[in-house]
**Student:** 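I am attaching a structure below and will ask some questions about it afterwards.
Just so it is clear: chains get the letters A, B, ... in the order the sequence lines come, proteins before strands, and each one is counted from 1.
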Amino acid sequence: EDKVVQSPLSLVVHEGDTVTLNCSYEVTNFRSLLWYKQEKKAPTFLFMLTSSGIEKKSGRLSSILDKKELFSILNITATQTGDSAVYLCFHTGKLIFGQGTTLQVKP
Amino acid sequence: ETGVTQTPRHLVMGMTNKKSLKCEQHLGHNAMYWYKQSAKKPLELMFVYNFKEQTENNSVPSRFSPECPNSSHLFLHLHTLQPEDSALYLCASSQGRAEDYEQYFGPGTRLTVT
């Protein structure tokens, strides 16, 4: 069965901490894997990953894909309260979202 | 207006009502999507339209009926819904197929079925 599993499901950290969010998948027909951030209602796009081992970076956020081991990670360094959100991983092989990781950053 | 807009933002309907959700994108995109987001469950893809043609229907009950009259507008017609259909309904659009382009989401319609 095709599935996308994110871990942890929730995480509470303090400002300044570094977090690593995981997304593993068992999906046929890999095309790409995307990360989104959902703060209130509308998810917003963070990264699209298509090739293994190539890190995508935007400010304090970065992400990498491992197509051999079938997972991706999203790193956030020097977290801020504005990073509090649900982080979603999306596999385009079957157009499946993971269940999300809820990140809470405390002041 | 810019981006993806959805109306109404909140909707309460009885099980015997008929209502429609509207989505409009101002991005010049060619693909549009409906998703359902229930509490404690992942975002579920319902329908996909590419260039106004429906290309995905993820076993959605017939009480949900999509309509895509042009590349900028997408509707979700609702009739005889069940309480378990209460959820946040999100619309999204992308420049091309979801496999190749990121999606831009609207703010959603919070639907409550009584």
**Student:** Run the salt-bridge test on B/E99 and B/R97 with the 4.0 Å N-O cut-off and return the result as yes or no.
**Tutor:** yes

**Student:** Once the angle between the rings of B/Y104 and B/H29 is folded into 0 to 90°, is it parallel (under 30°), tilted (30 to 60°) or perpendicular (over 60°)?
**Tutor:**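 B/Y104 vs B/H29 ring planes: tilted.
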
**Student:** Would A/L21 and A/Q6 satisfy side-chain contact (heavy atoms from CB on, under 4.5 Å), going step by step from the backbone distance to the final call?
**Tutor:** CA-CA 8 Å; A/L21 310 183; A/Q6 292 186 241; 5.8 Å; no

**Student:** Does the pair B/Y35 and B/F105 meet the rule for a ring pair (Phe, Tyr, Trp, His ring centres under 6.0 Å), with working shown?
**Tutor:** CA-CA 10 Å; B/Y35 288 90; B/F105 285 82; 5.5 Å; yes

**Student:** Taking side chain as everything from C-beta outward and backbone as N, CA, C, O, which of these in B/L90 sits under 4.5 Å from a heavy atom of chain A? Side chain, backbone, both or neither.
**Tutor:** side chain

**Student:** What part of A/L34 gets within 4.5 angstrom of chain B, counting heavy atoms only: side chain, backbone, both, or neither?
**Tutor:** side chain

**Student:** Is A/Q38 close to chain B through its backbone or its side chain, or both, or neither, when contacts mean heavy atoms under 4.5 Å?
**Tutor:** side chain

**Student:** Measure distances from A/L88 to the heavy atoms of chain B and classify the residue's part below 4.5 Å as side chain, backbone, both or neither.
**Tutor:**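 Contact with chain B is through the side chain of A/L88 alone.
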
**Student:** Identify which one of A/S72, A/C89, A/S7 satisfies the side chain to side chain contact (heavy atoms under 4.5 Å, CB included) criterion when paired with A/N22.
**Tutor:** A/S7

**Student:** Please determine which of B/F47, B/Y33, B/Y49 meets the side chain to side chain contact (heavy atoms under 4.5 Å, CB included) test together with B/L74.
**Tutor:**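 Only one of B/F47, B/Y33, B/Y49 forms a side chain to side chain contact (heavy atoms under 4.5 Å, CB included) with B/L74, namely B/Y49.
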
**Student:** Which answer fits B/Q6, side chain, backbone, both or neither, if we ask what part of it has an atom under 4.5 Å from a heavy atom of chain A?
**Tutor:**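 For B/Q6, there is no contact with chain A at all, as no heavy atom is under 4.5 Å.
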
**Student:** Checking heavy atoms, do the side chain of A/Y36, its backbone, both or neither come under 4.5 Å from chain B?
**Tutor:** side chain

**Student:** Check each atom of B/V4 against the heavy atoms of chain A and say whether the ones under 4.5 Å are side chain, backbone, both or neither.
**Tutor:** neither

